2 protein chains.
Amino acid sequence: MNIGAAARQSKLPTKTIRYYEEIGLLKADRAANGYRDYSEDDIHRLRFVQRARSLGFSVDECRQLLSLYSDRERASADVKAIALEKLGEIDRKIAELTALRQTLGHLVETCHGDSRPECPIIEGLSGKPASH
Amino acid sequence: MNIGAAARQSKLPTKTIRYYEEIGLLKADRAANGYRDYSEDDIHRLRFVQRARSLGFSVDECRQLLSLYSDRERASADVKAIALEKLGEIDRKIAELTALRQTLGHLVETCHGDSRPECPIIEGLSGKPASH
DNA sequence: GATGCAGCTTCCAGCCGATGGAAGGTCAAG
DNA sequence: CTTGACCTTCCATCGGCTGGAAGCTGCATC
């Protein structure tokens with residue numbers, strides 16, 4: 001299977017697939033004409049990476065997950081450890097964004113948003129202690 | 001004031017301050033010896049940018065906000081528009097991360113995390129429809 | 001005044017994770 | 001035989017820094 005079809009099946013752009021190969025994440029066979037040739041198994045791996053990336057795993061974590069994916073002897077605990085670590089990261093990010101939303105939301109609420117120049121948002125950013 | 005002191009007061013690394021100057025975000029006077037020289041007003045701007053960045057505004061948005069900050073005639077509505085746009089982005093990100101947390105959390109919950117190789121996380125990533 | 005060291009300067013490279021584009025080879029249809 | 005889709009490689013660019021090298025400056029200490 002050529003890279004274009006692989007891209008359609010894995011929902012990854014061809015550019016990205018080539019990039020993943022370049023960084024040694026996934027390698028492909030080559031056909032006689034030099035074209036990359038993807039097997040069903042390759043497609044599985046591509047989709048696997050696509051899903052893992054969209055769940056927020058870094059490329060390096062994908063590398064780990066892929067090797068666990070290929071290792072039929074590995075303990076599920078090894079996989080769970082990575083996933084739990086990631087879950088913690090996601091929770092931290094959500095907390096951070098929520099605090100941020102809170103602060104910015106407060107600034108927006110207190111701003112009249114009219115034609116006058118007084119603006120609590122600018123004042124807040126410029127360092128005056130927010131009244132909250 | 002030298003860049004080091006400016007960095008301490010603005011809570012920005014010197015590298016970052018120089019970078020901001022390089023990209024035309026903030027420029028500094030130069031002392032006779034060639035050192036950058038920061039006024040109190042410069043420090044305000046640096047802190048302003050530092051806060052805006054930490055609230056998730058992009059460097060380009062900081063550029064806009066800075067010009068609004070300097071413009072005493074601007075309408076607060078102009079500032080509010082940018083902030084509201086950003087608020088929407090933050091909400092979208094939170095929603096995205098929450099969905100992600102949900103999916104990954106479900107996978108983690110269903111994984112025993114023991115020495116056996118059966119692993120719903122890997123299965124989930126490899127494309128088997130999640131049971132949820 | 002020599003020495004040492006912190007702090008400043010510039011410049012160049014690299015990080016992540018792609019993405020865009022140029023220049024050129026290949027293949028199947030019409 | 002030509003067109004156009006698809007493939008190849010290579011090199012540049014994005015954002016937002018960050019690190020390091022090589023070389024000034026400024027100030028304290030001997």
Side-chain angles (χ1 to χ4, degrees), chain A residues 1-39 42-43 45-66 86 89-90 93 96 100, chain B residues 1-39 42-43 45-66 85-86 89-90 93 96-97 100:
Chain A
M1 192 189 305
N2 282 349
I3 198 171
R8 278 184 296 277
Q9 292 210 36
S10 64
K11 297 175 190 163
L12 284 169
T14 57
K15 277 282 189 189
T16 301
I17 297 178
R18 287 195 199 97
Y19 169 71
Y20 286 165
E21 182 173 332
E22 191 190 319
I23 62 170
L25 188 58
L26 295 151
K27 55 188 178 315
D29 284 343
R30 293 298 178 126
N33 59 8
Y35 286 15
R36 287 171 182 80
D37 186 25
Y38 295 88
S39 66
D42 292 330
I43 303 300
R45 282 159 200 279
L46 285 169
R47 298 211 62 168
F48 181 93
V49 171
Q50 189 273 323
R51 286 199 192 84
R53 288 288 298 126
S54 77
L55 280 178
F57 290 94
S58 72
V59 167
D60 245 39
E61 285 161 337
C62 289
R63 217 184 286 271
Q64 292 175 59
L65 287 170
L66 264 183
K86 207 69 212 171
E89 266 176 54
I90 292 171
K93 270 186 206 162
E96 200 180 326
L100 212 127
Chain B
M1 192 187 313
N2 283 348
I3 198 172
R8 278 184 296 277
Q9 293 208 39
S10 63
K11 297 178 190 162
L12 284 169
T14 58
K15 277 283 190 188
T16 301
I17 297 178
R18 288 196 198 95
Y19 169 70
Y20 286 165
E21 182 172 332
E22 191 190 321
I23 61 169
L25 188 59
L26 295 150
K27 55 189 178 313
D29 284 343
R30 294 298 178 126
N33 58 10
Y35 286 16
R36 285 171 183 80
D37 187 25
Y38 295 89
S39 68
D42 292 331
I43 303 299
R45 282 159 198 280
L46 285 169
R47 300 212 61 171
F48 181 92
V49 171
Q50 188 273 324
R51 285 199 192 84
R53 288 289 297 126
S54 76
L55 280 178
F57 290 94
S58 73
V59 168
D60 245 39
E61 283 161 340
C62 288
R63 216 184 288 269
Q64 291 177 60
L65 287 170
L66 264 183
E85 175 58 39
K86 206 69 212 170
E89 266 176 54
I90 293 171
K93 271 186 203 163
E96 199 179 326
L97 279 174
L100 211 127

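Since we're looking at a predicted model, the values are computed, not measured. Just so it is clear: chains get the letters A, B, ... in the order the sequence lines come, proteins before strands, and each one is counted from 1.
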Starting at [atom1] of [X] and ending at [atom2] of [N], how long is that distance when rounded to a whole Å?
X      : N       : atom1 : atom2 : answer
Q50(A) : dA18(C) : CD    : C1'   : 14 Å
I17(A) : dT19(C) : CD1   : C1'   : 14 Å
K15(B) : dT10(C) : NZ    : P     : 11 Å
I23(A) : dC15(C) : CD1   : P     : 12 Å
R8(B)  : dC8(C)  : CZ    : P     : 7 Å

Using only side-chain N and O atoms of [X], determine if any of them is under 4.0 Å from OP1 or OP2 of [N].
X      : N       : result
T16(B) : dT18(D) : yes
R36(B) : dT9(C)  : yes
R63(A) : dC16(C) : no
Y20(B) : dC17(D) : yes
N33(B) : dT9(C)  : no
R30(B) : dT10(C) : yes
S58(A) : dC16(C) : no

(request) Could you pick out which residue, F57(B) or Y35(B), lies toward the 5' side of DNA chain D when each is mapped onto its nearest nucleotide? (result)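 Closest to the 5' end, via its nearest nucleotide, is F57(B).
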
(message) By the 4.0 Å heavy-atom rule, please label R18(A) as base, sugar-phosphate, or nothing.
(response)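 Answer is base: heavy atoms of R18(A) come under 4.0 Å of a base.
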
(message) Taking any heavy-atom pair under 4.0 Å as a contact, classify I3(A): base, sugar-phosphate, or nothing.
(response)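 Result for I3(A) = sugar-phosphate.
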
(message) Taking salt bridge (Lys or Arg N to Asp or Glu O under 4.0 Å) as the criterion, tell me which of R36(A), K15(A), R45(A), K27(A) meets it with E21(A).
(response)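 Going through the options one by one, the only one that passes is R36(A).
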
(message) Nearest heavy atom decides the nucleotide; on that basis, is P13(A) or G34(B) closer to the 5' end of DNA chain C?
(response)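 Final value for this comparison: G34(B).
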
Least distance between heavy atoms, [X] atom then [Y] atom:
X      : Y      : value
R51(B) : S54(B) : O-OG, 2.9 Å
C62(A) : L25(A) : C-CD1, 4.3 Å
I17(B) : S10(B) : CD1-OG, 4.0 Å

(message) I'd like to know if K93(A) pairs up with E96(A) as an ion pair, taking the criterion as any Lys NZ or Arg NE/NH1/NH2 lying under 4.0 Å from an Asp or Glu carboxylate oxygen.
(response)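 Salt bridge flag = no for E96(A) with K93(A).
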
